[in-house]
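Bear in mind that the values here come from a model prediction, so they are computed numbers and not experimental data. Chain letters run A, B, ... following the sequence lines, proteins first, then strands; residues in each count from 1.
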Amino acid sequence: MKRDPSNAAGEFIRAHVSGDVDPSAHVASRTRFVEEALGQRSRGTASRRIAIFAVLAGLTAVLIWGASTFRTPMTFARGPSRALGVVSEYMISPSTEDLPLYFSDGSVVTLDPSTRARVERAAANGAVLLVESGRLSANVVHRSESDWRFLAGPYSVHVTGTAFVLSWQLAGVLDIEMKSGVVVVTGPGIDSSVEVRGHRRFVMPGAPASTATNAPNPLPEAWAPQSGSAPLPREGLSPSASAAKSAQDLARTQTDTRHAVPEAPPNESWASLVARGEYARVLGLANARGIDATLASGTLDDLAALADAARFSGDRNVAERSLGEVRSRFPGTPRAQSSTFLLGRIADDAGDARSAVSWYERYLNEAPGGSLAADASGRRMLALRRLNESEKARRAALEYLERFPTGPHANIARDIVGP
Amino acid sequence: MAARGSSSHRTRNADRVVSLPSPEIDDAELLGQIAEGRPGAFRELFDRYAPLARNVMVRTIGPDADVEDLVQESLLIVVRRANTIRDPSALRSFVYSVALRVVRNEVRRRAIRRMLPWSSVSASVRAVPPHDAVAADVLRHVYQALDRLSADLRIAFVLRFVEGHELAEAAALAGCSLATFKRRLRRAQDRFERVAAADATLAEWKQGSKP
């Protein structure tokens, strides 16, 4: 039977073409998107500030307002060497040591080992830090106009002058242990906001109802779970020593539960677990099976999922090994190609710009038309700039603009190329 | 920002802090959080609308290597314009129209690059073909035929024949009057069918026999 060609073509496309992607690819793309969106927002804010300053610069009457509004934004230095920090640049602390950040107002934020974060914005009276995963200690100098924020997933911690320890895990647990001062936390599950004051601990979410159901409740009555809910430190209440110890016991229980080897979920792939953010679970399953055994005989899907779980958990060693196995055991596949790119990202995040350039170039040679070509090209350009190889960076920027004139790195590429 | 909350706030905060499910927020709330710059809102936007944008891209230009870049570009535009969307409940339509504009621009860019002798753009369909090699071949020829349409004609073709939108809805998405859309659609159909008739693979496929 003769079919109408246009309708037949439309049906054929619908039947054979869809936007479905592998969950791990979606997660990787989402991570890149969030980075770009945050970077775009940061650049947009800076542009607005510069535009306003240009308009007001010539007006005597507004000099006082201008002076108060446009005081020099604070700067920060990173690490023992006090290298100048860069706003919006991702930082990942070494796996074996802390990374202190020294701000020009006297505040100090110390990233625990393997913590991923960046200074999203720096103003005269404060900064915004984005914590991707890990733990940090903060000592924020209190001034009347101080305004600091720590962003962890969907949560925002507003700080005016405070000492605390903040932990944010990609599985979705925010843990704040106050030393002094007060912070205000907003985010999902919190009605309006919550103040957390000195010598208190705030965990979000609290102990899962399933773990509290049958276990004896170690907390005093004031903190007892209500209708299956987990306790939340209430503002204004001074914890008793027993309550504080009980909170620590509860937190330890949570920690122990998190680190126990999980049961293998029936018929649920590692890729599905990664898509839900259950990275620790995937790592636990791989450890239970044996990392070496997993790398030697795991399926391509499992290796890719393990690499993602390790990468998002900050386990560089397992991530690199997994991606290396994908490349060697499944050469020429799209996953092997994307593994090349991801090895560049890992090196990049670890501050190893030289290795990052090498991996990105290898990806561009192996997959010039690959789905990550734009990203690899842009990041190669940025890494060359970090290496102060200005001429190579400029050539890379020109190549980028020729291929991806409206890509996410186009604005930076134009800056590098210059007028 | 609220300072110390009332006792009812404290009670509600304590009651709600329990094994958090993924918070269900509507598009209006999502836009508000995007405007505030919350990373969680960007995540939610991507999870919620990247598949929509991806479908628009991949069905218009084929399963191509650049699809994900175009998806990112579309959603970044949505983020930039989050403050300007008048009707937050129409976020889905807004994402769709942005994705269409981005893919239209991409189609135009590729058409120009194809005219350049030094250009590296050849066929649209390069990556992730169907596992059926025969279907992959037909698909390649279908998209090569679509490459012969201008950006506006191609968009009209995809909206009507691939996505199956009614004429009025398709015209609204394409950003033109119904009369203009009908004209474009007629021209798109005529040109596609002329090209398909001259293509041996498509001619055989059209008759229902395997190439």
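- Contact of B:Asn105 with chain A is not made at all, since no heavy-atom distance falls under 4.5 Å.
- Between chain B and the options A:Ser29, A:Gly10, A:Ala15, heavy-atom pairs under 4.5 Å are most frequent for A:Ser29.
- Counting heavy atoms from C-beta outward, B:Glu73 and B:Met57 have side chains that stay 4.5 Å or more apart.
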Derivation of the ring-ring contact (aromatic ring centres under 6.0 Å, His included) call for B:His165 and B:Phe181: CA-CA 12 Å; B:His165 291 292; B:Phe181 185 83; 9.5 Å; no
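- When side chains are defined from C-beta on, B:Leu153 does not count as touching B:Phe192, because their heavy atoms never get closer than 4.5 Å.
- Heavy atoms closer than 4.5 Å to chain A are found nowhere in B:Leu70, neither backbone nor side chain.
- Only the side chain of B:Ala50 comes within less than 4.5 Å of a heavy atom in chain A; its backbone stays farther off.
- Contact of B:Leu146 with chain A is made through the side chain alone, with heavy-atom distances under 4.5 Å.
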For B:Gln33 and B:Glu29: C-alpha separation, side-chain torsions, deciding distance, then whether side chain to side chain donor-acceptor pair (under 3.5 Å) applies. CA-CA 6 Å; B:Gln33 292 187 10; B:Glu29 174 68 20; 3.0 Å; yes
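- Partner of B:Thr60 under the side chain to side chain contact (heavy atoms under 4.5 Å, CB included) criterion, chosen from B:Glu106, B:Glu163, B:Arg154: B:Arg154.
- Interface remark: B:Arg160 contributes no atoms to any contact with chain A (heavy atom separation under 4.5 Å).
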